[in-house]
Protein chains: 2
Amino acid sequence: MNTVTALDGCVTRAPDTAKVAATRDRLVTPAEAGRLADLFKLLGDPTRARLLYALLEAGELCVCDLAATVEVSDTAVSHALRLLRTAGIVASRRDGRMIYYRLADSHVRLLLDLSLEHLRHE
Amino acid sequence: MNTVTALDGCVTRAPDTAKVAATRDRLVTPAEAGRLADLFKLLGDPTRARLLYALLEAGELCVCDLAATVEVSDTAVSHALRLLRTAGIVASRRDGRMIYYRLADSHVRLLLDLSLEHLRHE
DNA sequence: GGAATACCTGAGTAGTTGTTCAGAGATTGT
DNA sequence: ACAATCTCTGAACAACTACTCAGGTATTCC
């Protein structure tokens, strides 16, 4: 039912046509869109992206190893990890003085894989 | 080969251990990470996210219908669409006065679907 | 207990970003 | 050609963000 219904027209700032109404019914709610945007926003930073892909490769890394891997200060890594952990994207485990981080979710792994493939495949 | 090799230690700001070196070899390059972050950053805005999900539902919409659907000004929509189009995420088609936008890539569709499922499934 | 190490937190700041506003192209119908 | 309509563009501004810096917490080893 998403075949184009010819032209809907657009009568000066009030195009409440059938197509718009139908789309709005199926559309993600503003709240969902906000949460989706928040998720993407977290991935949308080079440092955090590198951290996540490092975890994707290594499986599990402590903070200072992450810092060395992506070449940023440990405080910057710590700030970044806090955001990712709060959002449930990474999980942590303490072992002695060190705290090991890993990807929390298989969905996130899929997302990272899919995005990398998208990037490399065109 | 990503089984954990016990603890690597972390000798004061210079933990160039084997694990770090191995991860860095496999890691996405900084350039790739930047492009990935740019991609996610584009999805990481509520307005742009809603626009993309609207296109995912409707298939194709003109600017003013998009504006009505997501309830933002047409100029804001236009600005947003320019970014998405420049990045190759959406494509456009002119028909008379109107310009119809659609998702450019099936990878993007998968990404949007996967993310929505992630959000709703936990 | 005390020093050393790994990590965290809060404040401050430079850089970035999304929106509005005003105006310019581009296309259609008369 | 002219008016109307749909879309685009550039500048200005408010809001947000990611980093650095200084200091704090938690754990281990002597």
Side-chain angles (χ1 to χ4, degrees), chain A residues 7-15 17 20 30 33-34 37-52 60-87 90-101, chain B residues 7-15 17 20 30 33-34 37-52 60-87 90-101:
Chain A
L7 15 128
D8 269 332
C10 192
V11 193
T12 316
R13 240 67 331 147
T17 61
V20 170
D38 286 340
L39 169 64
F40 288 128
K41 211 177 298 182
L42 283 172
L43 309 182
D45 172 71
T47 297
R48 287 194 295 267
R50 291 195 83 199
L51 288 174
L52 292 173
E60 196 181 46
L61 285 172
C62 67
V63 175
C64 64
D65 279 347
L66 278 168
T69 304
V70 309
E71 291 181 304
V72 282
S73 68
D74 14 352
T75 51
V77 171
S78 197
H79 277 297
L81 287 174
R82 185 163 63 91
L83 294 176
L84 294 171
R85 191 185 40 199
T86 303
V90 301
S92 61
R93 168 182 77 84
R94 168 154 237 150
D95 181 24
R97 277 188 278 243
M98 312 203 201
I99 297 183
Y100 287 91
Y101 282 86
Chain B
L7 13 130
D8 268 333
C10 193
V11 194
T12 315
R13 239 68 331 144
T17 61
V20 171
D38 285 340
L39 170 64
F40 288 127
K41 208 177 299 181
L42 283 172
L43 308 182
D45 171 73
T47 298
R48 287 193 296 267
R50 292 194 81 200
L51 288 174
L52 292 174
E60 196 182 47
L61 285 171
C62 66
V63 175
C64 64
D65 280 347
L66 277 168
T69 304
V70 308
E71 290 181 306
V72 282
S73 68
D74 13 352
T75 51
V77 172
S78 197
H79 278 297
L81 288 174
R82 186 162 62 93
L83 294 175
L84 294 171
R85 191 185 41 201
T86 302
V90 302
S92 61
R93 170 181 75 83
R94 170 154 236 150
D95 181 24
R97 278 187 276 243
M98 313 205 201
I99 297 183
Y100 288 90
Y101 283 84

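Quick note on labels: first sequence line is chain A, next is B, and so on, each numbered from 1. Nothing here was measured: the structure is a model prediction, and the numbers come from that model.
Spacing between atom CG of B/Leu61 and atom P of D/dT7 amounts to 11 Å, rounded to whole angstrom units. The nearest whole Å value for the distance from the CZ atom in A/Phe40 to the P atom in C/dG18 is 15 Å. The distance from atom CG of B/Leu42 to atom P of C/dT16 is 16 Å, rounded to the nearest whole Å. Summarising the geometry, the separation between CG on B/Leu81 and C1' on D/dC8 is reported as 11 Å, rounded to the nearest angstrom. Residue A/Ile99 contributes atom CD1, which lies 8 Å from atom C1' of C/dC8 at whole-angstrom precision. Taking atom CZ of residue A/Arg82 and atom C1' of nucleotide D/dT25, one finds them 15 Å apart after rounding to whole Å. Separating the CG atom of B/Leu84 from the C1' atom of D/dC8 is a distance of 15 Å, rounded to the nearest angstrom. Atom CG of A/Asp38 and atom C1' of C/dG18 are 15 Å apart (whole Å).
Residues A/Arg82 and A/Leu84 fail the side-chain proximity criterion, which asks for heavy atoms closer than 4.5 Å. Taking 4.5 Å as the limit, every side-chain heavy atom of A/Leu43 sits out of range of all side-chain heavy atoms of B/Leu39. Counting heavy atoms from C-beta on, the side chains of A/Leu51 and A/Thr69 never come closer than 4.5 Å. B/Lys41 places a side-chain heavy atom less than 4.5 Å from the side chain of B/Asp38. For the pair B/Leu66/B/Leu81, a side-chain contact is recorded, criterion being any heavy-atom separation below 4.5 Å from C-beta on.
In this model, a donor atom of one side chain and an acceptor atom of the other lie less than 3.5 Å apart for B/Arg85 and B/Tyr101.
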In the 5'-to-3' direction, what one-character label does each nucleotide of nucleotides 25-30 of chain C receive under the scheme B = base within less than 4.0 Å of a protein heavy atom, S = sugar-phosphate only, - = no such atom?
-SBB--
For nucleotides 14-21 of chain D, 5' to 3', base contacts (B), sugar-phosphate-only contacts (S) and non-contacts (-) with protein non-hydrogen atoms under 4.0 Å give ---SSSBB
A/Tyr100 vs A/Arg94, side chain to side chain donor-acceptor pair (under 3.5 Å): CA-CA, chis, key distance, verdict:
CA-CA 6 Å; A/Tyr100 287 91; A/Arg94 168 154 237 150; over 6 Å; no
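Proximity of B/Tyr100 to the phosphate of D/dT7: no side-chain N or O atom is located under 4.0 Å from OP1 or OP2.
For the side chain to side chain contact (heavy atoms under 4.5 Å, CB included) test, no residue two or more places apart in sequence or in another chain qualifies with A/Ser78.
Judged by distance alone, the side chain of B/Asp45 and the main-chain N or O of B/Arg48 form a donor-acceptor pair under 3.5 Å.
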